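Nothing here was measured: the structure is a model prediction, and the numbers come from that model. Side chains included, hydrogens not; waters and symmetry mates left out as well; all remaining heavy atoms used.
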Amino acid sequence: MRSGLAGIAALSMVLFMLVGCVGTNTKGSSTNAEQNTAAEPADGIQHVKGINGWEGDIIGTPARGSSFNKLKIGMSLKQVTDLIGEPSDQGAYITGKSFIPFYFGSDMHRTELVYEHKGRLIFAGGSAFGDYAAYNLITITHNPHEGKYLQ
């Protein structure tokens with residue numbers, strides 16, 4: 001009986017560790033939120049270094065006069081909303097890093113903002129120590145055909 005429980009516990013731990021590894025790569029990979037974008041940009045992805053040491057991606061070409069042109073990778077969520085206004089819709093989700101045992105870094109969850117006819121913004125944030133207010137911009141998706149709501 002004990003060996004059966006030990007085997008189940010070991011299998012559970014292996015599965016837990018494997019799930020923690022899924023979706024932890026933010027370089028060049030697409031997340032579920034990016035796959036939901038209404039129209040895939042023709043120009044591809046540009047990986048850039050932003051402010052305060054943050055790295056991220058800019059997808060698509062910015063429209064002339066778009067408020068997204070004022071944004072920089074690494075800006076905080078509050079800075080962005082103060083600069084370009086409130087989104088038409090928003091959502092949040094956890095990343096695979098939330099399931100990594102003894103991981104205490106950032107990017108455990110993300111917030112996504114949708115701006116109708118402009119595009120989407122993705123912010124990484126949160127840590128094991130409850131720093132839920134610190135979200136930083138990691139992805140700017142320029143899309144003039146963006147809908148009003150998350151899909």
Exercise for the section: Give a yes or no on whether the backbone of P62 and the side-chain of S66 come within a donor-acceptor separation of less than 3.5 Å. Expected result: no
Practice task
Carefully, step by step, assess W54 and L137 under the rule side chain to side chain contact (heavy atoms under 4.5 Å, CB included).
Solution key: CA-CA 8 Å; W54 283 89; L137 183 61; over 6 Å; no
Handout entry: Donor-acceptor under 3.5 Å (Y149 side chain, V114 main chain)
Key = no
Fill in the blank from the handout: Closest non-hydrogen atoms of S88 and G147, given as atom of the first, atom of the second and distance, are OG-O, 4.4 Å
Exercise for the section: Given side chain to side chain contact (heavy atoms under 4.5 Å, CB included), test T139 with I59 step by step and report yes or no. Expected result: CA-CA 8 Å; T139 305; I59 303 170; 3.9 Å; yes
Practice task
Mark yes or no for whether H47, through its side chain, and G56, through its backbone, hold a donor-acceptor pair below 3.5 Å.
Solution key: yes
Exercise for the section: I would like to know whether L71 and V80 meet side chain to side chain contact (heavy atoms under 4.5 Å, CB included); could you show each step before the answer? Expected result: CA-CA 7 Å; L71 302 177; V80 170; 3.9 Å; yes
Handout entry: Student check: side-chain heavy atoms of K78 and Y135 closer than 4.5 Å
Key = no
Problem - Under 3.5 Å donor-acceptor, D89 side chain and L150 backbone - result: yes
Handout entry: Between OG on residue S76 and CG on residue N52, distance to nearest 0.5 Å
Key = 9.5 Å
Exercise for the section: Determine the minimum heavy-atom distance between K70 and M75, stating which atoms define it. Expected result: O-SD, 4.2 Å
Exercise for the section: Identify the heavy atoms of E86 and Y115 that sit nearest to each other, and give their distance. Expected result: O-CE2, 3.4 Å
Practice task
Return yes if some donor-acceptor pair links the side-chain N/O of N69 with the main-chain N/O of A63 below 3.5 Å, else return no.
Solution key: yes
Exercise for the section: Starting from the C-alpha separation in whole Å, work towards a yes-or-no answer on side chain to side chain contact (heavy atoms under 4.5 Å, CB included) for I84 and L121. Expected result: CA-CA 12 Å; I84 65 171; L121 306 174; 4.0 Å; yes
Exercise for the section: Could you tell me whether the side chain of T111 and the main chain of F123 form a donor-acceptor pair under 3.5 Å? Expected result: no
Practice task
Starting at OG1 of T95, measure out to CD1 of I100 and round the result to the nearest 0.5 Å.
Solution key: 7.5 Å
Practice task
Determine yes or no for a side-chain-to-main-chain donor-acceptor pair under 3.5 angstrom, with N143 supplying the side chain and H145 the backbone.
Solution key: yes
Exercise for the section: Can you see which heavy atom on V48 is nearest to which on I73, and at what distance? Expected result: CG2-CG1, 3.6 Å
Handout entry: Close side-chain approach of D57 to I122, heavy-atom, < 4.5 Å
Key = no
Handout entry: Short N-O contact, E146 and K118, less than 4.0 angstrom
Key = no
Exercise for the section: Looking only at non-hydrogen atoms, find the nearest pair between R120 and F68 and report the distance. Expected result: N-CE2, 3.9 Å
